Amino acid sequence: MARNTTVSTSTPIGLRLAGGAQGFNWLPVFVAEELGLFAKHGIAIEYKRFGSVDKATGAVLEGEADLAITPPEGAVADFVKGGELRIAAANAVRLPMSIVARPEIGSLADLKGKKIGTSSLTEGTAIYTQIVLASQGLRYPGDYEFVLAGIHTKRWEALQAGEIDCAPQPAPWNFLAEDQGYKLIGEVNAFIPEIVFTAIIGRSSWLQANRDVVVRFIKALIEAHAITNDPTRQDVALPIFQRITTPENQTLARRGLEYMRGMGMWPDRLAVPEKALRTTIDLMIRAKLLDEVRRGEALKVFDASYLGAAT
């Protein structure tokens, strides 16, 4: 595969980039890496995988990482408490997930009294699941139980082992589960059509002190998002997506990639739509992770100056 030959001649600046799983939603990051786009903009990425979204957020807060690509709820919660975390850009603004249940469970209503796998009780999957199940009159706590099963690959293992009854699973693992007899009983995107699923977050003091680095990083990802979203560049995106999702099954990988691209998961120019951010904040309020009176204040967690400089 040809790499970008327009590479910065100066010594690349190191950037510690954290994430939980660093999986499917990181596709544009790995496209940028493989095509030399970070090097082109004078950046050298040090990848730091923490195994959970909570830990990735905490790594940025504690200075173990410079930036993270992770669900933004932790940053919102920190910001309204007067903390330093900020959203600098969006990574994904759709939820490419199905509610995957054991074969004997036929509907969302059947999840009453069941165990549902999640990666966090305060970010991401737990919040989305509560909204989906609320459509059936099921409330948490009380009507079902959350089990901290880990990231999507660990949730799939727990589902197969019978440790949980259900889990929200992203593509292409939802399709993998379906092929093996599990039920897809709900599409998260049908209940939550636009949201800041994952964002680029950082500490305001670090962001301000390293503005040039942040802008370079965003510029590289803007190029990578454009390639990821371009169906004519499938030759670039699909092999990478297959490698980070289902290495042994190109058909599943293609199905997952087209599913995500089709719903507009990776935003053009890393834009943070106001509607998507409002949805994130609204769901935090509904899940009792944020007080209603802090709604307006919470919107200020997004510092648009970095995207503005990059675009």
Side-chain angles (χ1 to χ4, degrees), residues 1 19-34 49 51-53 69-71 91-103 105 108 116-120 124-125 128-129 132 149-161 163-195 197-198 224-225 227-267:
M1 185 181 299
Q22 297 183 357
F24 65 94
N25 63 298
W26 280 56
L27 176 59
V29 177
F30 297 131
V31 167
E33 186 71 63
E34 192 147 320
R49 184 181 298 177
S52 79
V53 294
I69 295 179
T70 193
N91 165 251
V93 293
R94 298 290 190 275
L95 295 172
M97 294 181 179
S98 302
I99 303 298
V100 177
R102 295 179 59 77
I105 297 173
L108 292 170
I116 301 174
T118 184
S119 57
S120 167
T125 50
Y128 314 146
T129 302
V132 173
I151 60 175
H152 50 276
T153 51
K154 295 297 183 183
R155 295 197 296 272
W156 173 228
E157 292 172 6
L159 195 58
Q160 291 176 292
E163 297 168 3
I164 57 176
D165 300 299
C166 165
Q169 289 293 87
W173 289 274
N174 55 348
F175 303 133
L176 172 64
E178 185 179 37
D179 287 349
Q180 296 191 21
Y182 290 80
K183 297 283 186 64
L184 307 188
I185 58 175
E187 289 295 309
V188 177
N189 190 58
F191 295 89
I192 310 169
E194 187 175 10
I195 189 174
F197 173 31
T198 48
H225 273 232
I227 293 167
T228 300
N229 286 328
D230 185 351
T232 69
R233 303 299 303 274
Q234 186 92 325
D235 61 314
V236 175
L238 180 57
I240 300 172
F241 188 77
Q242 181 180 348
R243 187 173 70 232
I244 60 180
T245 57
T246 52
E248 307 302 322
N249 194 321
Q250 187 183 78
T251 300
L252 272 178
R254 180 181 291 107
R255 188 178 177 189
L257 176 58
E258 292 175 355
Y259 171 78
M260 293 182 187
R261 185 191 286 139
M263 68 170 57
M265 182 170 131
W266 293 287

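Owing to the predicted nature of the structure, the values given are computational and were not obtained by experimental measurement.
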Novice: Working to the nearest 0.5 Å, report the span between CG of Asn189 and OH of Tyr259.
Specialist: 6.5 Å

Novice: Mind checking salt bridge (charged side-chain N to carboxylate O under 4.0 Å, His left out) for Glu163 and listing every partner two or more places apart, or none if nothing turns up?
Specialist: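 Partners of Glu163 by the salt bridge (charged side-chain N to carboxylate O under 4.0 Å, His left out) criterion come out as none, since no residue qualifies.
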
Novice: Which distance, rounded to the nearest 0.5 Å, do you find between the CZ of Arg261 and the OG1 of Thr228?
Specialist: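 Answer for the CZ-OG1 pair, Arg261 versus Thr228, is 8.0 Å.
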
Novice: State the CG-CD distance between Leu159 and Gln169, to the nearest 0.5 angstrom.
Specialist: 7.0 Å

Novice: Between Gln242 (side chain only) and Pro247 (backbone N and O only), is there a donor and an acceptor less than 3.5 Å apart?
Specialist: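 Flag set: sc Gln242 to bb Pro247 pair under 3.5 Å.
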
Novice: Measure across Asp230 and Thr232 and return the closest heavy-atom pair with its distance rounded to 0.1 Å.
Specialist: OD1-OG1, 2.7 Å

Novice: Under the rule for side chain to side chain contact (heavy atoms under 4.5 Å, CB included), what residues qualify as partners of Val93, not counting sequence neighbours?
Specialist: Ala90, Pro267, Pro273

Novice: Would you give the length of the straight line joining atom CZ of Phe30 to atom CZ of Phe241, rounded to the nearest 0.5 angstrom?
Specialist: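 Answer for the CZ-CZ pair, Phe30 versus Phe241, is 12.0 Å.
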
Novice: Show me the donor-acceptor pairs, under 3.5 Å and distance only, between side chains in residues 170-185 and residues at least two apart or in other chains.
Specialist:
from: Asn174; atom 1: ND2; to: Ser98; atom 2: OG; distance (Å): 3.0
from: Lys183; atom 1: NZ; to: Pro103; atom 2: O; distance (Å): 3.0

Novice: Please check if any side-chain donor atom of Arg155 sits under 3.5 Å from a side-chain acceptor atom of Gln160, or the reverse.
Specialist: no

Novice: Going through the checks in order, is the side-chain contact (heavy atoms from CB on, under 4.5 Å) test met by Ile99 and Cys166?
Specialist: CA-CA 7 Å; Ile99 303 298; Cys166 165; 3.3 Å; yes

Novice: Would you call Gln234 and Glu258 a side-chain contact if the rule is heavy atoms closer than 4.5 Å?
Specialist: yes

Novice: Of the non-hydrogen atoms in Val53 and Pro71, which two are nearest, and what is the gap between them?
Specialist: CG1-CD, 3.4 Å

Novice: Applying side-chain hydrogen bond (donor to acceptor under 3.5 Å, both in side chains), can you list everything that pairs with Arg102, at least two apart in sequence or on another chain?
Specialist: Glu104

Novice: Taking only residues at least two apart or on different chains, which pairs with a member in residues 236-251 satisfy salt bridge (Lys or Arg N to Asp or Glu O under 4.0 Å)?
Specialist: Glu34-Arg243

Novice: How many angstroms lie between atom CZ of Arg94 and atom CE of Met263, to the nearest 0.5 angstrom?
Specialist: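 Spacing of CZ (Arg94) from CE (Met263) equals 8.5 Å.
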
Novice: Can I get a per-line list of side-chain donor-acceptor pairs under 3.5 Å for residues 21-28, giving both atom names and the distance, sequence neighbours left out?
Specialist:
from: Gln22; atom 1: NE2; to: Lys48; atom 2: O; distance (Å): 3.0
from: Asn25; atom 1: ND2; to: Asn91; atom 2: OD1; distance (Å): 3.0
from: Asn25; atom 1: ND2; to: Thr198; atom 2: OG1; distance (Å): 3.4

Novice: Considering all heavy atoms of both residues, which atom of Ile116 and which atom of Pro168 are nearest to each other, and what is their separation?
Specialist: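 Looking at all heavy atoms of both residues, the shortest contact is CG2-CD, 4.4 Å.
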
Novice: Measuring from Met265:CE to Met260:CE, what's the distance to the nearest 0.5 Å?
Specialist: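 The distance works out to 5.0 Å.
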
